[in-house]
J.: 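Sharing a structure here in structure tokens format.
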Amino acid sequence: MVCVSFFGSLCQAVHVAAQYGQTAFLHHIISKYSADFEALDNDGRSPLHWAAYKGNADTIRLLLFMDANQVRQDKNGCTPLHWAAIRGNFEVCTVLVHAGTKEELKLKDSGGFTPVELANDKGHRHLSSILSNATKVTFEDKYCPGRSRKIGYAPILFCFLVVLITLFLNSIIFAPNFSRITAAVGLWSWGAISLAFASIVMLYRVSRKNPGYIQANTKRLDPKEPLMEIDLNSSAWTGNWSQLCPTCKIIRPVRSKHCPTCKHCVEQFDHHCPWISNCVGKRNKWDFFVFLCMGTTTAFLGAAIGFHRLWTEPIILSSSESWINFMLANHPGALLFMFLDVFLLTGALILTGAQAIQIARNVTTNEAANRSRYAYLRGPDGRFRNPYNQGCRRNCADFLVNGYSNDEEATWPTLRQTVERS
Ligand SMILES: [Zn+2]
């Protein structure tokens, strides 16, 4: 099975299938006829090189799943990542980077260029900066290389909340230069402080809770184990090649995604939140939403009480003194609290609103941001269509009762139709 491609290279059926993104055919000839998926054309390019050059991400997932060599360099010294960087294909580069190592990003072609330099040279600035960031060795990579869970910003958020509570107590409630607090304001204040401590407990809970990690196929990850077939009769398989995870070596359920930070596939992946140092997924989305609601309510109560204390404070200004100068001189802690609290309230409100809208529409942050990537989110006319949306009331009820949307069975026929049509 050899042919001559339009680039003049002598190549085999595996190369042509990779060039045209015929992933199902490629899988068929590899599994049924033991076609060599590492075969090289006369320029030293493997099917993985061609799939990367042509931007066929699903074909790349299949080849990487089968342990295709992603560091092989062709006669020009180019790896598949070099070719993907030249073409500026973001999805292909992402798949290759996640499945590879930092060292692979530093490989140079025969001209002495790395993939980052090639992407930059071809004007793909955004891709170049993302690849450049992927090459950086972080503090945690250097000092905690074996650590499976990243520290992230959760400790910073924890300290920020503790500082806010301290400022609230010292500069708003018990500040000696403020007038005596009334019983009603005192009651609201203790409510706000209780909510703030409950938010900290919730932060710990949401950052430690399993977001819905899918067990990696450890047997398949062992290089000494023989190549295993992809079980297309698996209950998770709906016919989407994007369901193959080249890193975990599993067929992952639809709506799940591999998180490169957590190094796991996560069920109903929403997003990786650095502020909780964890992914948000099927198993902790309810906790995350409750944490956001508690944070928003606490910040709102704190701002309202702070504003009330400042507003009702009797001010005696001298002729040359402005209000802000008086406040800075007499209540600097209260002003600092108000600034930090309003900053937190703004961020928390935006996040809570966005999450609430997505819950009502039963769509994840990942799906909303990358809708064009997923075939199951496209209707017959090619436009966005969410098969999981069962109406605002049902979506919200499912989420509030179960903590996640239990939608696999309800949408299975729709997913099958999508696959058959494509
Ligand atoms: Zn994975």
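We're numbering straight along the sequence, starting at 1. As the structure lists them, so they are numbered: ligands from 1, and atoms in each ligand from 1. As the structure is a computational prediction, the values presented were derived from the model and not from experiment.
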J.: Between H264 and the Zn ion (ligand 1), is there a contact where an N/O/S atom of the residue lies under 2.8 Å from the metal?
T.: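 No - counting backbone and side chain alike, H264 has no N, O or S atom under 2.8 Å.
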J.: If you count heavy atoms of other groups shown closer than 6.0 angstrom to OH of Y204, is the number above 12?
T.: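 No, not enclosed.
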J.: So, N240 and S242: side-chain donor and acceptor under 3.5 Å apart, yes or no?
T.: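 Note: N240 and S242 side chains miss the donor-acceptor criterion.
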J.: Which distance, rounded to the nearest 0.5 Å, do you find between the OG1 of T364 and the CZ of R361?
T.: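 It is 10.5 Å, given to the nearest 0.5 Å.
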J.: Can you tell me the N, O or S atom of H258 that's nearest the Zn ion (ligand 1)?
T.: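 Sorting the N, O and S atoms of H258 by distance to the Zn ion (ligand 1) puts ND1 first.
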J.: Is the distance from the Zn ion (ligand 1) to the nearest N/O/S atom of C259 under 2.8 Å?
T.: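 Here the distance criterion (N, O or S atom, under 2.8 Å) is not met by C259, so no.
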J.: Between K75 and D43, does at least one N-O distance fall below 4.0 Å, as a salt bridge requires?
T.: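 Salt bridge absent between K75 and D43.
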